[in-house]
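Below is one structure, written out as structure tokens, with a few remarks after it.
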Amino acid sequence: MSVKSIAAKFFAATIHKKTQKWASNPVATQQKVFNDLIRQAETTQFGTDHYFASIKTFADFAQHVPIRDYEELRPYVDRVVKGEENILWKGKPLYFAKTSGTTSGAKYIPLTAASMPFHIQAARNAILSYIHETGKADFVDGKMIFLQGSPILEEKNGIKLGRLSGIVAHFVPKYLQKNRMPSWETNCIEDWETKVYAIVEETFHEDMSIISGIPSWVQMYFEKLQQKANKPVGELFKNFNLFIYGGVNFEPYRAKFENLIGRKVDSIELFPASEGFFAYQDSQKDKGMLLLLNSGIFYEFVKSDEFFTQNPKRYTIGEVELGVNYVLIISTNAGLWAYNIGDTIQFTSLQPYRVIVSGRIKHYISAFGEHVIGKEVECALKEAMENSSVRVNEFTVAPQIAPTTGLPYHEWFVEFDSETSGEPNNLDEFALLIDNAMRQQNVYYDDLIVGKVLQTLKITKVAKNGFQEYMKSIGKLGGQNKLPRLSNDRKIVDFLKRE
């Protein structure tokens, strides 16, 4: 065992003790975060406008600070972007994380001197938590790759901006620099396909032990590695035993990954976003990710089926229940206040508080009142694959409201894994497997099928790389970009039908 791996185990034990301390006192921990946020932002423009000086309790806060999304907070953000100080948080941000907006082009999410360290610590602590639980630390001596956006940063009114993953690349600890891949030059390549080829060439002869990234883009990397090596990735990288991912549910990809790797490897799920690093998987045995209650973020939760009603009830950490679908609302030391990030979560444990990401509040299907969310379609597909030999590379679902014949239905656009004979022999039978699983997942959907409002779902096959072509067409191939699993309209699938 190397000196580095011994040191990693010691450090992991230290961080575990600190984590246990705040995790075992969740309500008090969040109360302290709340008090600190309010006091530090009291004299900002936002704090003045929303009477922070008079806020003593969460009830006061909820009375004075409505829930907002980016568009509603934008008048304040625009002033920060122009270079004004003390608007949402003290002084100016260190960076803006630039993300794609839905209605207004680019969004600029502030990252401050107070918030930035928590992005780095959370990623580090996720790995340390794994080391502490499993006792495995030898991988720290191997090479590590983090598939991410370009670290080249622009500047806007004296504040640097770029993709979150590119900004984070500037904060990689020195003790990891020697092990980290790809090279800075390769990481700076903007075109995703060109970048992946360059990463393959750079890593092909290396001893890769950790690979991290959004599953769909890591899959592309693995496929190109396998084509070049003509053998499974696990044979090429014999010491590769840990995959770290975030952004989407890994389950629809798991079977494909095991085939590409040639064996099972451990995995760690992360829940990062430009707005904050919210949770990480702290156990290989228990479901869900540990919600980070001590990271400069105060959390609120609104039941998703009440979210679009007038004045929905806002819950704090001590009031949540297991299995309920909540919209995640955050206030942060980057200056986001009662901010709706768009994600929905469910709690899998209350001791400690662990969550899964169940979908997006704007990514759902309820064209007929069925309220289908991302978690349900992913679980239904997983169950159908487990009960068949079918393997799926990618998929998305949209309603077909006005078919040429028959009742409306949900249309699933699926790219099957044809390279491993993963296509179904009978498409209708496989569709029925998914449909039955969907009916078990969602009682509203089941009622619509029983009541003959909907017919059973239909599958439309997508050609190989069809989803990649779609993402390329909208300028979102690679990086942190993710394909929506669900749409309440047919914008995505209309493109796929043209192919």
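Residue numbers count from 1 along this sequence.
- No more than 12 heavy-atom neighbours from other residues, nucleotides or ligands sit within 6.0 angstrom of NZ on Lys491.
- A perpendicular orientation is assigned to the rings of Phe347 and Tyr326, their planes being inclined by more than 60° (bins at 30° and 60°).
- Rounded to the nearest 0.5 angstrom, Phe368 CZ and His410 NE2 are separated by 6.0 Å.
- Ion pairing of Glu190 with Lys195 is absent here, as no side-chain N (NZ or NE/NH1/NH2) approaches a carboxylate O to less than 4.0 Å.
- We find that Asp60 and Lys56 are not joined by a salt bridge, their nearest charged nitrogen and carboxylate oxygen being 4.0 Å or further apart.
- We find that Asp36 and Lys32 are joined by a salt bridge, their nearest charged nitrogen and carboxylate oxygen being less than 4.0 Å apart.
- Between Phe277 and Tyr299 the shortest heavy-atom distance is O-OH, 4.4 Å.
- The distance from atom NZ of Lys256 to atom CD of Glu394, rounded to the nearest 0.5 Å, is 12.0 Å.
- By the 30° and 60° cut-offs, the orientation of the rings of Trp337 relative to Phe46 is parallel.
- One side chain, Glu319 or Thr316, offers a donor N or O that lies under 3.5 Å from an acceptor on the other.
- A donor-acceptor contact shorter than 3.5 Å links the side chain of Ser129 to the backbone of Asp282.
- A donor-acceptor pair under 3.5 Å is absent between the side-chain atoms of Ser115 and the main chain of Asn333, judged by distance alone.
- Salt bridge Glu411/Lys497: present, at least one basic N to carboxylate O contact under 4.0 Å.
- For the residue pair Ile167 and Gly162, the shortest heavy atom distance occurs at CD1-O, 3.7 Å.
- Glu155 CD: more than 12 foreign heavy atoms inside a 6.0 Å radius.
- Nearest heavy-atom pair across Glu275 and Ile330 is CB-CD1, 3.7 Å.
- A distance-only check finds a donor-acceptor pair linking the side chain of Gln281 to the backbone of Glu269 [under 3.5 Å].
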Dump the intermediate steps for salt bridge (charged side-chain N to carboxylate O under 4.0 Å, His left out) on Lys472 and Glu193, then the final yes or no. CA-CA 10 Å; Lys472 186 189 294 185; Glu193 290 178 293; 2.8 Å; yes
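- Within 6.0 Å of OH on Tyr51 lie no more than 12 heavy atoms contributed by other residues, nucleotides or ligands.
- Ser150 places a side-chain N or O within donor-acceptor distance of the main-chain N or O of Ile152, the cut-off being under 3.5 Å.
- Contact record, Ser304 with Ile361: CB-CD1, 4.1 Å, taken as the closest heavy-atom pair.
- Lys303 NZ: more than 12 foreign heavy atoms inside a 6.0 Å radius.
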Stepwise ring-ring contact (aromatic ring centres under 6.0 Å, His included) check, Phe61 with Phe34: CA-CA 10 Å; Phe61 180 78; Phe34 174 78; 5.7 Å; yes
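- Classified by interplanar angle (parallel below 30°, tilted 30° to 60°, perpendicular above 60°), the ring pair Trp184/His170 is perpendicular.
- Taken to the nearest 0.5 Å, the CZ atom of Phe146 stands 11.0 Å off from the CG atom of Asn187.
- Counting all heavy atoms, side chain and backbone alike, Val320 lies closest to Ile317 at CG2-O, 3.4 Å.
- Not counting sequence neighbours, the partners of Glu185 by the side chain to side chain contact (heavy atoms under 4.5 Å, CB included) test are Ser183.
- Using modelled atom types, one side-chain atom of Gln400 and one backbone atom of Ala402 make a donor-acceptor pair closer than 3.5 Å.
- Aromatic ring pairs are classed by plane angle as parallel below 30°, tilted from 30° to 60° and perpendicular above 60°; the pair Phe250 and Phe257 is perpendicular.
- Ring geometry for Tyr76 versus His50: interplanar angle of 30 to 60°, hence tilted.
- The NZ atom of Lys82 sits 13.5 Å away from atom CD1 of Ile159, with the distance rounded to the nearest 0.5 Å.
- Ring orientation note: the planes of Phe298 and Phe58 are tilted relative to one another, at an angle of 30° to 60°.
- Heavy-atom contacts from other residues, nucleotides or ligands closer than 6.0 Å to CZ of Phe308 number more than 12.
- Remark: Lys224 fails to qualify as a cation-pi partner of Tyr221 under the 6.0 Å distance and 45° angle criteria applied to the six-membered ring.
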Derivation of the ring-ring contact (aromatic ring centres under 6.0 Å, His included) call for Phe301 and Tyr315: CA-CA 5 Å; Phe301 312 91; Tyr315 298 88; 8.6 Å; no
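- A salt bridge links Arg485 with Glu378: the distance from a Lys NZ or Arg NE/NH1/NH2 to an Asp or Glu carboxylate oxygen falls below 4.0 Å.
- Going from atom CG of Asn125 over to atom CG of Leu270 covers 11.5 Å, rounded to the nearest 0.5 Å.
- When only modelled atom types and interatomic distance are considered, Glu133 and His16 share no side-chain donor-acceptor pair under 3.5 Å.
- Under the 3.5 Å distance criterion, with hydrogens and angles disregarded, a donor-acceptor pair is assigned to the side chains of Asp266 and Tyr130.
- For the atom pair CZ (Phe11) and CG (Leu128), the distance works out to 5.5 Å, reported to the nearest 0.5 Å.
- Considering all non-hydrogen atoms of both residues, Ser331 and Ala338 come closest at OG-N, 2.8 Å.
- Counting only N and O atoms by type, the side chains of Ser358 and Thr344 include a donor and acceptor under 3.5 Å apart.
- Looking at Gln30, its side chain does come within 3.5 Å of a backbone N or O of Ile297 through a donor-acceptor pair.
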